[in-house]
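Heads up: numbering here begins at 1 and tracks the sequence. Reckoned from all heavy atoms, side chains included, excluding hydrogens, waters and symmetry mates.
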Amino acid sequence: FAWSEYIEEAWGWFSVLCIGIIIAVVIDRRRICPAIKDIEGKSKRQDKVASKLKEEAWKQMEPLNRLYDWDIFARMLAKAVPQIELDPYFTEQRQADLAVTYGLGLYGYIHNDCSVVYSLSGLINGNPFVICQTKNMYMDMKTYTGEKTIHWTTYERNSDGTSRAVEHTETLRATYSAPYPCFYENTRLIYGNTAAPDLVFNRPKSGLAGREDSRAFKSHLHEVRKKAEDLSHSDYTILNEEFETAFDTSDRNSNQQFALLFTPLAQESMMRLLRDKEYGYGDDFDFNKYHMINTIIPDHLQSINLDMNPDHYKGFDYDKAEKDFCDVNEEYFRAIYFAFAPLFCVPMYQQIRPRKAIYGLDMPTHCSYWELEALANFWGDNCFKHPACVTDCILKTEEQREGDDAVVTVSAYGFRSEPRVSYVQVQGGDGRTHSVPVSWDEYFPVTGTGQMRIHEDNTFSNDQALSPRERQHHIQEVLSSKNMAVYRRHIASSI
């Protein structure tokens with residue numbers, strides 16, 4: 001009885017407390033709601049003011065934003081490094097020069113599993129080069145997993161002699177591997193020079209420069225010495241042990257031409273470059289030479305977007321636009337300059353001028369198929385891919401030309417997928433073999449098509465003589481006269 005009275009009394013006080021809380025909340029809500037509405041109203045008014053100010057800022061920055069173009073970095077690079085001359089775009093003439101005069105040929109062939117995403121060509125002291133970024137596709141194996149839960153019952157005898165059932169549960173897991181299309185991008189610098197025309201070597205990055213006291217350096221030095229001993233019947237000799245270990249080209253086919261190219265001065269310059277991680281990137285590049293074609297593959301170029309899109313600079317905040325402009329171009333300059341740096345280390349590359357009879361000198365300066373693929377990739381896979389395609393695409397082009405105008409047919413090679421289920425036999429804890437289902441995708445090639453219209457602007461040759469305002473006016477004339485949608489390094493195009 002005493003407990004029931006205590007509970008009733010506690011329940012009464014609890015009811016009074018709840019009612020008091022409800023009343024307090026209602027009163028407080030009447031005070032808070034107007035404040036909330038007032039704050040929301042102020043927020044909306046401030047958003048409108050901010051929107052108007054932002055719109056006004058964009059209008060004020062519009063004259064500056066219009067001056068940005070695709071070639072702004074190229075012009076600054078040409079002024080900063082005079083020995084580098086940049087082309088407005090990668091022409092058939094430049095490609096033919098690299099292929100026929102310097103032997104690029106099949107070595108530089110862009111096959112059907114590869115598409116050019118970006119190209120920047122020109123001359124270094126009169127010798128041709130092209131920075132090429134490609135999208136590549138290869139078939140790899142992808143592993144899929146599946147699982148199945150099984151149950152079984154066993155019987156155990158208790159200490160008293162009775163039998164009891166024991167339930168068991170186990171999750172069986174299985175894997176299944178199937179072909180899968182993989183895509184990756186690769187950026188490299190291709191440079192033609194007639195110095196040491198018969199020399200061939202492949203030099204992978206090692207990161208050993210500046211680590212002469214390390215175990216890895218000593219181990220690699222031992223390997224280099226051993227290679228020299230094994231190849232004693234040939235003309236291979238070690239020029240400088242420290243250099244040969246850090247810049248290992250022991251697979252070279254001509255020691256005489258290698259010594260002619262990599263003089264003591266070239267070796268010293270190369271070692272400084274390999275050790276420099278303050279201003280440069282250190283030893284982050286492969287250096288391959290195939291007769292007169294030199295290929296540099298730097299790691300730092302693989303992670304940078306080289307499309308030079310002027311949208312990187314545009315904005316409504318002047319201070320931020322100034323900072324972005326400086327930051328982006330400093331990053332571009334550092335990345336591209338140190339891609340060329342291994343070539344600058346070799347004095348003979350600066351001294352050798354190109355052959356007088358350059359193939360295709362009288363050819364029209366039409367853009368090469370590398371440039372057409374880069375233009376198609378600028379628009380993106382979605383403009384050309386097959387409706388059933390579920391992967392990235394490799395874009396290839398064919399053109400039908402009429403003077404400076406051309407209709408470019410783009411083929412987008414991708415894959416569609418079909419769901420599949422395979423059953424993998426797995427031994428279970430119950431002593432039986434079970435079929436574990438594994439879901440996977442089978443990929444089939446599909447091809448999408450589309451077209452681009454391009455117009456090559458060859459109405460003037462001295463591009464750098466134009467002021468930014470004259471240049472912008474000229475671009476607008478090209479676009480309006482041809483009814484084009486985009487202007488990219490002197491090429492107007494529309495889908």
Is R94 positioned over the aromatic face of Y89, cation under 6.0 angstrom from the ring centre and no more than 45 degrees off axis?
no

Is the shortest side-chain heavy-atom distance between E223 and D248 below 4.5 Å?
no

Would a 4.5 Å heavy-atom cut-off, applied to side chains only, mark W370 and V130 as touching?
yes

Please work out which of the three classes, parallel, tilted or perpendicular, describes the rings of Y68 and F325, given edges at 30° and 60°.
parallel

Would you indicate whether the side-chain heavy atoms of F262 and T249 approach each other to under 4.5 Å?
no

side-chain contact (heavy atoms from CB on, under 4.5 Å) with D251: which residues, sequence neighbours excluded?
F201, N202

Suppose we screen for salt bridge (Lys or Arg N to Asp or Glu O under 4.0 Å). Which residues come up paired with R211, at least two apart in sequence or across chains?
none

Would you say Y184 and N136 make side-chain contact, with heavy atoms under 4.5 Å?
yes

With respect to Y332, which candidate in F73, Y337, Y313 satisfies the ring-ring contact (aromatic ring centres under 6.0 Å, His included) definition?
F73

Close side-chain approach of I131 and T187, heavy atoms under 4.5 Å:
yes

May I ask you to decide if R66's main-chain N or O and K314's side chain share a donor-acceptor pair within less than 3.5 Å?
no

Going by the rule salt bridge (Lys or Arg N to Asp or Glu O under 4.0 Å), which residues pair with D327 if we only count those two or more places apart in sequence or in a different chain?
K323

Let me check something: any side-chain donor-acceptor pairs from residues 411-419 under 3.5 Å, sequence neighbours excluded? List them with distances.
residue : atom : partner : partner atom : Å
R416    : NH1  : E418    : OE2          : 2.7

If you take all heavy atoms of L98 and P128, which pair is closest and at what distance?
CD2-CG, 3.7 Å

F444, CZ atom: more than 12 neighbouring heavy atoms under 6.0 Å
yes

May I ask you to check whether Q350 and N125 show a side-chain donor-acceptor distance below 3.5 Å?
yes

Taking salt bridge (Lys or Arg N to Asp or Glu O under 4.0 Å) as the definition, give me every residue that meets it alongside D299, ordered by chain and number, with sequence neighbours left out.
K205

Looking only at heavy atoms, the pair that brings V438 and A174 closest together is CG2-O, 3.9 Å

Side chains of V81 and F333: does their closest heavy-atom pair fall under 4.5 Å?
yes

Here's a test for you: under side chain to side chain contact (heavy atoms under 4.5 Å, CB included), which of I297, I190, N294 qualifies with N288?
I297

Evaluate the criterion side chain to side chain contact (heavy atoms under 4.5 Å, CB included) for residue pair V116 and F90; output intermediate values, then yes/no.
CA-CA 11 Å; V116 178; F90 189 37; over 6 Å; no

Check this for me: does any side-chain nitrogen of one of R275 and E242 sit under 4.0 Å from a carboxylate oxygen of the other?
yes

Is E373 salt-bridged to K135, going by a charged N under 4.0 Å from an acidic O?
no

Output yes when a side-chain donor or acceptor of D283 lies under 3.5 Å from a complementary backbone atom of S206, and no otherwise.
yes

Looking at D324 and K320, is there a salt bridge between them, counting it only when a charged N and a carboxylate O are closer than 4.0 Å?
yes

Can you say whether the rings of Y281 and H300 are parallel (under 30°), tilted (30 to 60°) or perpendicular (over 60°)?
parallel

Contact between C389 and D381 at the side-chain level, heavy atoms closer than 4.5 Å - yes or no?
no

Examine the side chains of E244 and S250 and answer whether a donor and an acceptor come within less than 3.5 Å of each other.
no

Partners meeting side-chain contact (heavy atoms from CB on, under 4.5 Å) with V200 (sequence neighbours left out)
N253, Y290, H291

For the atom pair CD1 (I84) and CZ (F344), what is the distance rounded to the nearest 0.5 Å?
4.0 Å

Does a side-chain N-to-carboxylate-O contact under 4.0 Å join E330 and R334?
no

When you compare the side chain of L343 with that of L189, does any pair of heavy atoms fall below 4.5 Å?
yes

Verify the distance criterion only: is there a donor paired with an acceptor across the side chains of D441 and Y144 at less than 3.5 Å?
no

Does E399, at its CD atom, have more than 12 non-hydrogen atoms belonging to other residues, nucleotides or ligands within less than 6.0 Å?
yes

